[in-house]
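For reference, the structure is listed below as structure tokens.
The structure displayed is predicted, hence computed values, not measured ones. For ligands, and for the atoms within them, numbers begin at 1 and follow the listed sequence.
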Amino acid sequence: MFELKTFLRQQQEQDLYRTRKVCDGMQQPEQLCDGKPVLSFCSNDYLGLAADPRIAKSLQHAVDKYGVGSGAAHLINGHSSAHHALEEELAEFTGRERVLLFSTGYMANLGVVSALLGRNDLVVADKLVHASLLDAAKLSAAKLLRYQHADVESLASRLKDNADTKKIIMTDGVFSMDGDIAPLPEMIKQIDKSNSALLVDDAHGFGVLGQQGLGCVEHYNCNDDVDILIGTLGKAFGTFGAFVAGSEELIETLIQSARSYIFTTAMPPAIAEATRTSLKILKHASDRREKLQSLIQQFRQGAEQLGLNLMDSPTPIQPVIVGSAEKAVAMSRGLAEQGIMVSAIRPPTVPADTARLRITLSATHTEKQVEKLLSALESFA
Ligand SMILES: *Cc1c(COP(=O)(O)O)cnc(C)c1O
């Protein structure tokens with residue numbers, strides 16, 4: 001084996017070394033991590049469904065019916081009636097002809113972009129899109145152009161220079177590290193539909209935005225103009241997996257050509273069955289969405305009073321910018337000493353000098369817990 005020590009030492013020296021905590025019990029604000037009780041503000045379980053007993057019950061019943069593993073890929077004999085029913089229900093929810101389930105959001109993005117584009121095509125991506133979308137562009141071998149974050153003029157100039165090229169314009173719906181929402185209506189005005197497709201990865205918007213929890217397309221009322229809508233099931237849905245929603249032709253093309261769909265085992269059918277219950281809850285969870293909004297307001301007001309450097313985010317992702325990786329790590333450690341778990345996000349996940357604490361809120365947090373977070377942050381303000 002060749003040597004790996006140098007890289008690991010460098011990671012450590014630059015405060016970029018990543019480690020894992022071992023957590024026990026269910027995904028909820030109060031957890032045991034590394035054997036210690038902690039109050040966490042770092043999960044993507046925005047509606048508190050990951051430990052919902054109704055969804056857990058569905059999973060248990062479905063295991064009795066389907067067993068554990070799916071046993072094969074969807075195109076062999078791994079595609080169960082549970083997967084099929086979930087796809088149909090998600091298609092209805094998203095107002096699309098069809099939906100295709102993928103095992104993860106990462107794989108959905110890889111599969112979609114590489115199935116639709118090749119070497120002579122183009123990807124035009126927001127500068128801050130999720131890592132999986134950049135990897136997807138790479139895998140497709142299409143040329144990749146970035147535009148300034150959420151900047152419609154910058155997008156327009158990229159499009160103008162490449163008007164005749166077949167392309168996918170890709171953006172997160174809610175940006176995973178900044179928490180802001182892509183300016184979809186203005187973006188849509190710039191797009192020539194004849195040779196372009198708009199792909200929106202709304203991993204963090206589903207369940208959180210919109211009256212019915214349909215995410216940024218409901219927030220802006222622009223569902224019909226998003227050609228390829230991607231959602232993940234491991235965040236607000238509280239289960240696992242992902243889906244692509246779109247036209248009949250899009251989904252049939254993916255079934256023929258998306259390699260991360262074809263060459264992998266289908267998710268366990270019981271997970272699909274549990275997600276059907278999750279979807280029913282999520283659609284009618286406006287009380288949870290309202291609670292979440294009120295916690296967001298409470299946090300932002302408190303943090304502003306402390307003079308913390310917030311971003312312009314209306315979502316449960318509330319970054320506090322601190323600058324250097326070193327400072328972000330020190331603050332995250334300091335909070336941990338007070339029993340509060342918040343992730344330090346460092347380059348390369350975010351641009352240099354914008355290392356941050358990424359605070360995420362869940363409808364299952366209480367006002368008291370948010371107060372506790374604010375008073376712990378006070379010591380760093
Ligand atoms: C989390 C996330 C993904 C990956 O989804 P997984 O199901 O966790 O693989 C993709 N895109 C965005 C924007 C995400 O936040």
Side-chain angles (χ1 to χ4, degrees), residues 20 27 42-47 49-50 83 86-87 90 94 99-114 123 125-140 146 149-150 168-182 184 187 198-209 213-217 219 226 228-245 254 258-261 264-268 271-272 274-275 278-279 282 311 313 315-319 343 345 348-350 356 358-362:
R20 304 171 303 170
Q27 178 56 257
C42 50
S43 92
N44 302 314
D45 181 28
Y46 303 118
L47 297 179
L49 296 183
H83 296 115
L86 175 59
E87 287 182 344
L90 284 168
T94 57
V99 152
L100 194 68
L101 288 177
F102 279 77
S103 296
T104 68
Y106 193 101
M107 293 166 75
N109 287 338
L110 292 190
V112 170
V113 181
S114 61
V123 168
D126 186 288
K127 199 145 189 199
L128 298 187
V129 289
H130 191 261
S132 58
L133 285 169
L134 295 178
D135 293 358
K138 242 189 229 171
L139 186 63
S140 76
R146 321 285 296 269
H149 174 55
I168 289 180
I169 295 123
M170 54 164 67
T171 182
D172 291 15
V174 170
F175 284 88
S176 58
M177 296 299 142
D178 288 34
D180 57 338
I181 310 173
L184 295 181
M187 290 172 65
L198 174 60
L199 179 158
V200 176
D201 173 353
D202 206 15
H204 298 276
F206 272 100
V208 170
L209 297 174
L214 190 50
C216 62
V217 293
H219 175 81
V226 174
I228 307 168
L229 181 61
I230 293 175
T232 59
L233 303 171
K235 289 166 183 162
F237 279 88
T239 62
F240 186 76
F243 63 90
V244 178
L254 297 180
R259 295 169 65 84
S260 64
Y261 183 76
T264 199
T265 302
M267 71 161 74
I271 295 287
T275 307
S278 169
L279 173 60
L282 178 140
M311 298 190 78
S313 162
T315 69
I317 300 169
Q318 291 293 326
S343 324
I345 308 285
T349 308
V350 293
R356 64 198 66 185
R358 178 175 180 270
I359 290 162
T360 55
L361 297 163
S362 162

> Can you name the residues that come within less than 4.0 Å of ligand 1, going by heavy atoms only?
Replying inline: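 Residues near ligand 1: Thr104, Gly105, Tyr106, Asn109, His130, Ser132, Asp172, Ser176, Asp201, Ala203, His204, Thr232, Lys235, Gly241.
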> Between atom CG of Leu128 and atom OG1 of Thr349, what is the distance when rounded to the nearest 0.5 Å?
Replying inline: 12.0 Å
> Roughly how far apart are Thr264 OG1 and Arg259 CZ, rounded to 0.5 Å?
Replying inline: 12.0 Å
Is a side-chain N or O of [X] found less than 3.5 angstrom from the main chain of [Y], in a donor-acceptor match?
X      : Y      : value
Asp178 : Asp180 : no
Ser132 : Tyr106 : no
Asp202 : Cys216 : yes
Ser343 : Cys42  : no

